[in-house]
Amino acid sequence: MPRYWLMKSEPFKYSWDDLVAEGEGTWDGVRNHRAKNNLAAMEVGEEAFFYHSREGLEIVGIAEISVSGITDPTDPENKWAAVKVKAKRKLKNPVTLKQIKAEPRLADCELIRLGRLSVAELTPEEWKVILELAGE
DNA sequence: GCCAACGTTGGC
DNA sequence: GCCAACGTTGGC
């Protein structure tokens with residue numbers, strides 16, 4: 001069973017357009033244990049929403065895990081996890097944090113419950129609801 | 001720019 | 001091993 005993810009990035013540091021331009025990006029620099037566990041659990045081919053935090057505050061597209069189970073190249077001690085992702089496609093309409101908060105079916109998702117978690121897991125149901133909000 | 005939430009650090 | 005202080009994240 002594939003799992004579904006949501007990855008946050010501050011667009012002035014690394015935006016969806018940056019990922020599109022690069023083709024493939026390494027998701028590193030995560031220094032939170034729960035986020036790390038999520039990164040370590042990712043498998044090649046699984047999909048993740050790409051969310052812009054601090055600015056934008058919306059899900060803009062879907063990325064696909066292209067390389068999983070690597071150690072963070074920015075961590076000299078090699079204890080943190082990382083993955084590589086490829087831009088898959090843009091959402092038809094971006095889904096804002098406001099829309100997510102207004103949707104009762106998403107009240108329990110990690111993104112809302114653990115606001116500061118930079119890599120969150122979504123259930124298949126939550127994934128579908130967000131696609132619905134995107135007009136898909 | 002502020003502040004709440006949360007993780008980490010360090011003194012005891 | 002507890003907990004206060006501090007730093008960081010991220011929404012507002």
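A, B, ... follow the sequence lines: proteins, then strands. Residue 1 opens every chain. Computation of the quantities below employed the complete heavy-atom set of this structure, encompassing side-chain atoms and omitting hydrogens, waters and symmetry-equivalent molecules.
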Can you give me the N/O atom pairs linking the protein to nucleotides 10-12 of chain C at distances under 3.5 Å, or say none if there are none?
{"unit_1": "C:dG10", "atom_1": "OP1", "unit_2": "A:Arg116", "atom_2": "O", "d": "3.2"}
{"unit_1": "C:dG10", "atom_1": "N7", "unit_2": "A:Arg54", "atom_2": "NE", "d": "3.2"}
{"unit_1": "C:dG10", "atom_1": "N7", "unit_2": "A:Arg54", "atom_2": "NH1", "d": "2.9"}
{"unit_1": "C:dG10", "atom_1": "N7", "unit_2": "A:Arg54", "atom_2": "NH2", "d": "3.2"}
{"unit_1": "C:dG11", "atom_1": "OP1", "unit_2": "A:Tyr51", "atom_2": "OH", "d": "3.2"}
{"unit_1": "C:dG11", "atom_1": "OP2", "unit_2": "A:Arg54", "atom_2": "N", "d": "3.1"}
{"unit_1": "C:dG11", "atom_1": "O3'", "unit_2": "A:Lys101", "atom_2": "NZ", "d": "3.4"}
{"unit_1": "C:dC12", "atom_1": "OP1", "unit_2": "A:Lys101", "atom_2": "NZ", "d": "2.5"}

Checklist entry - For residues A:Thr123 and A:Arg105, is any side-chain donor paired with an opposing acceptor at under 3.5 Å? => result no
Could you tell me if the side chain of [Y] sits less than 4.5 Å from the side chain of [X], heavy atoms only?
{"X": "A:Arg31", "Y": "A:Asp72", "result": "yes"}
{"X": "A:Val95", "Y": "A:Leu131", "result": "no"}
{"X": "A:Ile100", "Y": "A:Ile59", "result": "yes"}
{"X": "A:Val67", "Y": "A:Glu24", "result": "yes"}
{"X": "A:Leu57", "Y": "A:Thr96", "result": "no"}

Item to check | Letter per nucleotide, 5' to 3', of nucleotides 1-6 of chain C [B base touched, S only sugar-phosphate touched, - untouched; heavy atoms, 4.0 Å] | outcome: ------
Next on the checklist: Show the nearest heavy-atom pair for residues A:Trp5 and A:Glu121, with the distance to one decimal.
Outcome noted: CZ3-CB, 3.6 Å
Checklist entry - Aromatic rings A:Phe50 and A:Trp27: how do their planes relate, parallel, tilted or perpendicular, breaks at 30° and 60°? => result perpendicular
Checklist entry - In whole angstroms, how far is the P atom of B:dG7 from the CH2 atom of A:Trp80? => result 11 Å
